[in-house]
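Take a look at the structure set out below.
What you see is a predicted model, and the numbers here were worked out from it, not measured in a lab. Just so it is clear, the values below take in all heavy atoms, side chains as well, and ignore hydrogens, waters and symmetry mates. Chain A is the first sequence line, chain B the second, and so forth, proteins listed ahead of strands; every chain is numbered from 1.
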There are 2 protein chains.
Amino acid sequence: MKYGGNVEGPMMDAKAKPMIADDHLARQRLRMWLQMLKATRLVEGALRERLRSRYDTTLPRFDVLSALHAHPEGMKMSELSQYLVVSNGNVTGVVDRLVLDGFAERGAVEADRRAFLVRITDKGRTLMDEMAAEHLAWVDELLADVSEADTARAISIMLDIRHRK
Amino acid sequence: MKYGGNVEGPMMDAKAKPMIADDHLARQRLRMWLQMLKATRLVEGALRERLRSRYDTTLPRFDVLSALHAHPEGMKMSELSQYLVVSNGNVTGVVDRLVLDGFAERGAVEADRRAFLVRITDKGRTLMDEMAAEHLAWVDELLADVSEADTARAISIMLDIRHRK
DNA sequence: CTACAATGCTTGATACATGAAGTATGGCGG
DNA sequence: CCGCCATACTTCATGTATCAAGCATTGTAG
């Protein structure tokens, strides 16, 4: 609408340059990505600080424990890393420390001796019951300026991004 | 609208529990936050992988160099960390490596001998000119499923989150 | 059954990333 | 102009985070 963008005439893409259909839209998407990144970091920072001062724990530990809390039947290491969108080796270290502190435990998986079934312990569950409620309130506060309609829209947009894969 | 939520009657908040006005909305916001986090990590992962295989560099390095590229007059260390929403000590290390590789340089700030003015070098600019174009195309591709309207909406929502501070 | 690629996880090297403590300079009230 | 707090960075310890390599186990083709 604004302007034609890259016209698909002959003699084009001879240089095999990055293919962008609509330059204006591309820049708009870049702005969105930058804002997304900053907003995410801001919220992460606020949550991290509260987790530290209130529970003397870290964000990754909370994330893993939260995932285990939501899956009482246990999760395999690989399921955890996929669920949290982090690398495999990463989960190993965080789970190690959680096990060390008695918040989680590694069990065997029948029929596959390579895998572990990580489960939250009673001690971990007790802690998470308390933390989860507060975490919910924190997120509610940090996103307080986002209306219900915008929340739904944002969820939909994020899913669009994720499911492109 | 859906339901009354916590009525603000007497005998409330005697336990000083986390204050949540509307539980349904709070949970919706939590879902949004979780999706935001996953989407961000997904895109970050894709960008990181491309930066590594294509330019043998990392995301933090790119972010800093990109900021410097956008501010040819130079930025103070503190400005950089604020701009990128990362800690102060973090920027020190990344800039150190960029300087080591000759992509950036530290200059003095007149009238304040505590501060440094970090600037992109010609070598850095040459590299960024190329990387920026490709980075734009990558983001455009990764967010290809987000319409122009949604892009604008998302930017607005992210700003709402950030400006709450 | 038997190579052999694939899977599930850990380990190790490197680079972030944070918070707290330390150093140097700036700026202000008295 | 002096004490003193604030500011701008750096340094350090610790905890992620990634990728690549390695180990054990599984699945599968022949």
Practice task
Mind checking A:R41 for me? I need base, sugar-phosphate or nothing, with any heavy atom below 4.0 Å counting as a touch.
Solution key: nothing
Exercise for the section: Indicate, with a heavy-atom threshold strictly under 4.0 Å, whether B:S87 touches base, sugar-phosphate, or nothing. Expected result: base
Exercise for the section: Tell me whether the OP1 or OP2 atom of D:dT16 has a side-chain N or O from A:T58 closer than 4.0 Å. Expected result: yes
Practice task
Could you tell me whether the phosphate oxygens of C:dG22, OP1 or OP2, come under 4.0 Å of any side-chain nitrogen or oxygen in B:R114?
Solution key: no
Exercise for the section: Look at the side chain of A:T92 and decide which nucleotide, out of C:dG19, D:dT16, C:dC9, has an atom nearest to it. Expected result: C:dC9
Completion exercise
Picking from D:dC19, C:dT18, C:dC9, the nucleotide nearest the side-chain atoms of B:V86 would be C:dT18
Problem - Spacing of A:Y83 atom OH relative to C:dG8 atom C1', expressed in whole Å - result: 21 Å
Handout entry: Nearest-neighbour nucleotide for the B:P60 side chain, C:dC16, C:dC9, D:dA8 considered
Key = C:dC16
Exercise for the section: Find the distance B:M77:CE to D:dT10:P and express it as a whole number of Å. Expected result: 4 Å
Exercise for the section: Ignoring backbone atoms, test whether B:R48 places a side-chain nitrogen or oxygen under 4.0 Å from the OP1 or OP2 oxygen of D:dA17. Expected result: no
Problem - Closest nucleotide among C:dG8, C:dT18, C:dA15 to the B:R97 side chain - result: C:dA15
Handout entry: Given DNA chain C, 5'-ward residue of the pair A:V109 and B:N90, judged by closest heavy atom
Key = A:V109
Problem - Residue mapping more 5' on DNA chain D - nearest nucleotide basis, A:V94 or B:D112 - result: B:D112
Exercise for the section: Identify whether any heavy atom of A:G89 sits under 4.0 Å from a base atom; if not, whether one sits that close to sugar-phosphate; answer base, sugar-phosphate or nothing. Expected result: base
Practice task
Report, as yes or no, whether the 6.0 Å neighbourhood of atom CD on A:Q82 holds more than 12 heavy atoms from other residues, nucleotides or ligands.
Solution key: no
Problem - Crowding at CD, A:E73 (>12 non-hydrogen neighbours, <6.0 Å) - result: yes
Practice task
Using only side-chain N and O atoms of B:R113, determine if any of them is under 4.0 Å from OP1 or OP2 of C:dG26.
Solution key: yes
Problem - A:V95 and A:M77, any side-chain heavy atoms less than 4.5 Å apart - result: yes
Practice task
Report which part of the nucleic acid A:V91 touches: base, sugar-phosphate, or nothing (heavy-atom distance under 4.0 Å, all strands).
Solution key: nothing
Practice task
Scan side-chain atoms only and decide if B:D129 and B:H69 contain a donor-acceptor pair under the 3.5 Å cut-off.
Solution key: yes
Practice task
Between C:dC16, D:dT16, C:dG8, spot the one nearest the side chain of A:S78, thanks.
Solution key: C:dG8
Exercise for the section: Please state how far atom CZ in A:R61 lies from atom C1' in D:dT14, giving the value in whole angstrom units. Expected result: 12 Å
Practice task
Classify the ring geometry between A:Y83 and A:H71 as parallel (under 30°), tilted (30 to 60°) or perpendicular (over 60°).
Solution key: perpendicular
Completion exercise
Between CG of A:L98 and P of D:dG15 the distance, given in whole Å, is 12 Å
